[in-house]
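Working notes for the structure below.
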Protein chains: 2
Amino acid sequence: MSVDRTQVLRAAAALLSRKATATMDEVARAAGIGRATLHRHFAGRDALVRALEQLCIEEAEAALDAARIEEGPADEAVRRLVTASQPAASLLAFLVTENQLFEGDGQNEGWSRLDARLVALFRRGQEEGTFRIDLSPAWLCEAFYGLIGSGAWAVADGRVAANDFSYMIAELLLGGARRSVEK
Amino acid sequence: MSVDRTQVLRAAAALLSRKATATMDEVARAAGIGRATLHRHFAGRDALVRALEQLCIEEAEAALDAARIEEGPADEAVRRLVTASQPAASLLAFLVTENQLFEGDGQNEGWSRLDARLVALFRRGQEEGTFRIDLSPAWLCEAFYGLIGSGAWAVADGRVAANDFSYMIAELLLGGARRSVEK
DNA sequence: CCCGTGTGAGACAAAAGCGTCTCACGTGGT
DNA sequence: ACCACGTGAGACGCTTTTGTCTCACACGGG
């Protein structure tokens with residue numbers, strides 16, 4: 001009976017990442033609920049996006065925790081992180097393109113926390129000699145987001161099997177980030 | 001006096017790629033022109049997106065031509081292509097997330113032409129033994145788009161210097177795509 | 001069984017955005 | 001100097017979207 005808030009947000013993210021101009025009515029129908037009910041849970045479009053942001057940050061942070069990125073070799077930590085990030089992929093794919101969140105003063109500090117942890121991971125890899133040092137941690141961080149988004153999009157589109165998600169991303173990202181013996 | 005159509009489209013892409021819900025008025029102001037003038041050149045939002053699509057396809061195809069991707073080693077061809085793609089980066093970044101273009105029957109065949117040429121390049125690299133074969137050409141193609149977009153965003157945001165654009169993307173993409181001796 | 005809670009559907013006004021028009025202005029060419 | 005053209009600003013009616021409200025209904029617990 002009662003609406004599952006998280007499930008609604010997930011459906012909203014899936015739709016909005018494909019059609020950012022979708023109306024509240026379309027979001028509601030995509031979530032399988034009425035527009036009135038959607039409005040009962042989220043005051044408006046802005047509140048909806050904020051809720052998506054919050055959920056995304058929580059899931060991404062949970063992924064960082066679950067992957068125990070501080071432990072073991074950095075490349076394996078990245079591999080675990082990519083796998084753990086898959087549930088949050090569509091959320092990330094949408095929110096990364098939602099610049100409204102980053103302009104203005106009320107910017108959610110969760111993003112900088114995420115960035116900091118991610119950057120720290122890449123920096124650790126560089127200091128341990130696992131990652132090449134000619135690619136800045138900030139760029140690796142950015143590329144991580146981008147590849148997660150591309151992966152989510154490719155999976156949703158059927159171009160990549162969902163099972164290959166982690167492998168494709170991790171292999172591409174690590175292959176580029178890992179210092180290779182030649183060169 | 002007369003408005004530079006291409007420049008308007010470029011400004012529109014830069015804005016829309018970070019705020020897909022931007023109004024025509026915002027687009028006009030971002031381009032430094034009045035809303036009426038924007039309307040004189042593009043009948044509506046849809047026409048604007050179509051024009052962006054057309055320009056993007058033209059520029060991407062020009063980049064493919066300019067990079068002469070059929071010549072020389074595949075990895076060097078990719079490197080040339082990344083460099084040649086920089087002017088079209090923000091356009092690509094926006095349009096890749098605009099799925100409205102891909103659903104429906106009036107889909108521009110330019111995209112499949114681009115995809116085909118890009119896929120052929122990666123496939124050639126695999127057959128020549130330059131690229132690893134466990135990452136599908138389709139995924140490499142997708143990742144290429146994604147990294148171009150991430151790079152454009154990182155540059156626009158000041159996280160990466162514009163001069164490093166090509167290097168960062170090509171190194172990350174190729175490092176992952178190139179078969180390394182270990183493993 | 002019955003009542004309370006949460007829901008879907010629809011009506012409704014307000015707001016936002018769009019597309020068109022007019023008009024004054026400034027620039028560039030004649 | 002003059003004229004023509006393209007522009008910016010703003011007004012206007014229209015459509016779409018939004019946010020709120022009401023009401024009937026289904027479910028679930030007491």
Side-chain angles (χ1 to χ4, degrees), chain A residues 1-56 91 94-95 97-106 108, chain B residues 1-56 91 94-95 97-106 108:
Chain A
M1 186 176 188
S2 188
V3 163
D4 180 354
R5 181 186 163 96
T6 297
Q7 189 176 345
V8 170
L9 287 175
R10 223 168 271 289
L15 173 62
L16 289 174
S17 66
R18 280 180 289 124
K19 187 179 177 185
T21 60
T23 66
M24 293 293 275
D25 189 70
E26 290 174 295
V27 172
R29 297 195 178 276
I33 63 176
R35 197 169 66 95
T37 305
L38 180 62
H39 259 290
R40 276 185 204 108
H41 288 269
F42 309 101
R45 188 192 191 75
D46 202 60
L48 177 65
V49 173
R50 294 291 166 178
L52 284 170
E53 181 184 30
Q54 194 55 43
L55 178 64
C56 179
L91 275 166
F94 165 60
L95 290 166
T97 68
E98 197 69 9
N99 204 18
Q100 278 179 292
L101 301 174
F102 306 106
E103 62 197 16
D105 38 297
N108 194 320
Chain B
M1 188 181 187
S2 189
V3 163
D4 180 352
R5 180 185 162 97
T6 297
Q7 190 177 343
V8 170
L9 287 175
R10 224 168 272 289
L15 172 62
L16 289 174
S17 66
R18 297 318 292 178
K19 186 180 179 183
T21 60
T23 67
M24 293 293 273
D25 190 70
E26 289 174 297
V27 172
R29 294 190 182 277
I33 64 177
R35 195 167 67 98
T37 305
L38 180 62
H39 259 288
R40 279 186 202 104
H41 288 268
F42 307 100
R45 189 192 191 76
D46 202 60
L48 176 65
V49 173
R50 294 291 165 178
L52 284 169
E53 180 182 33
Q54 193 57 41
L55 178 65
C56 180
L91 278 166
F94 164 58
L95 290 165
T97 67
E98 196 71 5
N99 299 39
Q100 275 182 293
L101 300 173
F102 306 107
E103 58 198 20
D105 39 294
N108 194 319

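Within every chain, numbering begins at 1; the chains are lettered A, B, ... in the order of the sequence lines, protein sequences first and strands thereafter.
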Let me know the distance between CZ of B:Arg40 and P of C:dC18, rounded to the nearest Å.
17 Å
In whole angstroms, the gap separating P of D:dG10 from CG of B:Asp25 amounts to 11 Å
Grab the CZ-P distance between B:Phe42 and C:dC18 for me, whole Å please.
15 Å
Rounded to the nearest angstrom, tell me the gap between atom NE2 in B:His39 and atom P in D:dG8.
13 Å
Of the nucleotides D:dG8, D:dG19, C:dG19, which has the atom closest to the B:Thr37 side chain?
D:dG8
Can you tell whether the side chains of B:Glu26 and B:Arg29 come within less than 4.0 Å, N to carboxylate O?
no
When the nearest nucleotide of DNA chain D is assigned to B:Arg29 and to A:Arg45 on a heavy-atom basis, which residue is associated with the more 5' position?
B:Arg29
Side chain to side chain contact (heavy atoms under 4.5 Å, CB included), paired with B:Arg45, selected from B:Leu38, B:Leu16, B:Thr23:
B:Leu16
Selection from C:dG8, D:dG8, C:dG17 that lies nearest to any side-chain heavy atom of B:Ala36
D:dG8
Just checking A:Arg35: base, sugar-phosphate only, or nothing, at a heavy-atom cut-off of under 4.0 Å?
base
Can you measure B:Met24 atom CE to D:dG10 atom P for me and round it to whole angstrom units?
19 Å
Report the distance from atom CD of B:Glu26 to atom C1' of C:dG17, rounded to the nearest whole Å.
11 Å
Gap between atoms CD1 and P, on B:Ile33 and D:dG8 respectively (whole Å):
6 Å
Minimum-distance pair of heavy atoms, taken over all atoms of B:Phe42 and B:Ala51:
CE2-CB, 3.6 Å
For A:Leu16 and D:dT17, what is the distance between atoms CG and P respectively, to the nearest whole Å?
14 Å
Tell me whether the OP1 or OP2 atom of C:dT7 has a side-chain N or O from A:His41 closer than 4.0 Å.
yes
From B:Glu53 CD over to B:Leu9 CG, what is the distance, rounded to the nearest 0.5 angstrom?
12.0 Å
